[in-house]
Amino acid sequence: MYFENLLDALFGEREILHVLECSICGFDEIYYVDSTTKKQIGRACCGCQFVQKFEF
């Protein structure tokens, strides 16, 4: 639950763009797009608690 709250705070409304295998932990690394603009906003892996917000 904490991880989802972190994603809500950092990314806000989002949609999944695609899912890859995380190179660190092997779990799912998810890439997100903004739900209104459809621009890539970041990626996250709940397996290793990694979150990256893209600033363009």
Side-chain angles (χ1 to χ4, degrees):
M1 185 66 179
Y2 169 77
F3 193 71
E4 285 296 320
N5 291 339
L6 175 64
L7 294 179
D8 289 340
L10 287 175
F11 298 141
E13 289 293 321
R14 63 197 179 280
E15 295 176 4
I16 295 175
L17 176 63
H18 61 272
V19 179
L20 298 174
E21 182 179 332
C22 179
S23 61
I24 308 280
C25 69
F27 202 67
D28 292 338
E29 181 177 43
I30 303 172
Y31 285 74
Y32 295 101
V33 293
D34 185 273
S35 62
T36 56
T37 65
K38 303 300 184 202
K39 292 184 180 181
Q40 240 183 353
I41 55 173
R43 63 183 177 160
C45 174
C46 67
C48 59
Q49 301 293 306
F50 171 75
V51 177
Q52 180 180 16
K53 185 174 182 178
F54 300 148
E55 299 288 334
F56 295 109

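These numbers come from the heavy atoms of this one structure, side chains and all, not from hydrogens, waters or symmetry mates. Because the structure is predicted, anything quoted here is derived from the model rather than measured.
We find the SG-CD1 distance between Cys46 and Ile30 to be 6.5 Å, quoted to the nearest 0.5 Å. Atom CD of Gln40 sits about 6.5 Å away from atom NE2 of His18, to the nearest 0.5 Å. The CG atom of Asp34 lies 9.0 Å from the NZ atom of Lys39; values are rounded to the nearest 0.5 Å. In this structure, OH on Tyr31 lies 7.5 Å from CD on Gln52, to the nearest 0.5 angstrom.
Minimum interatomic distance between Gly47 and Phe27 (heavy atoms only, all atoms of both residues): N-CD2, 3.7 Å. Shortest non-hydrogen contact noted between Glu13 and Ser35 is CB-OG, 3.2 Å. Taking both residues in full, the closest heavy atoms of Cys48 and Ile24 are given as SG-CB, 4.2 Å, listed atom of the first, atom of the second, then distance. Heavy atoms only, all atoms of each residue included: Phe3 and Gln49 are closest at CD1-OE1, 3.4 Å. Minimum interatomic distance between Arg14 and Asp8 (heavy atoms only, all atoms of both residues): NH1-OD1, 2.8 Å.
Follow the hydrophobic side-chain contacts under 4.5 Å out from Ile16 and you never reach Phe50; the two are in separate clusters.
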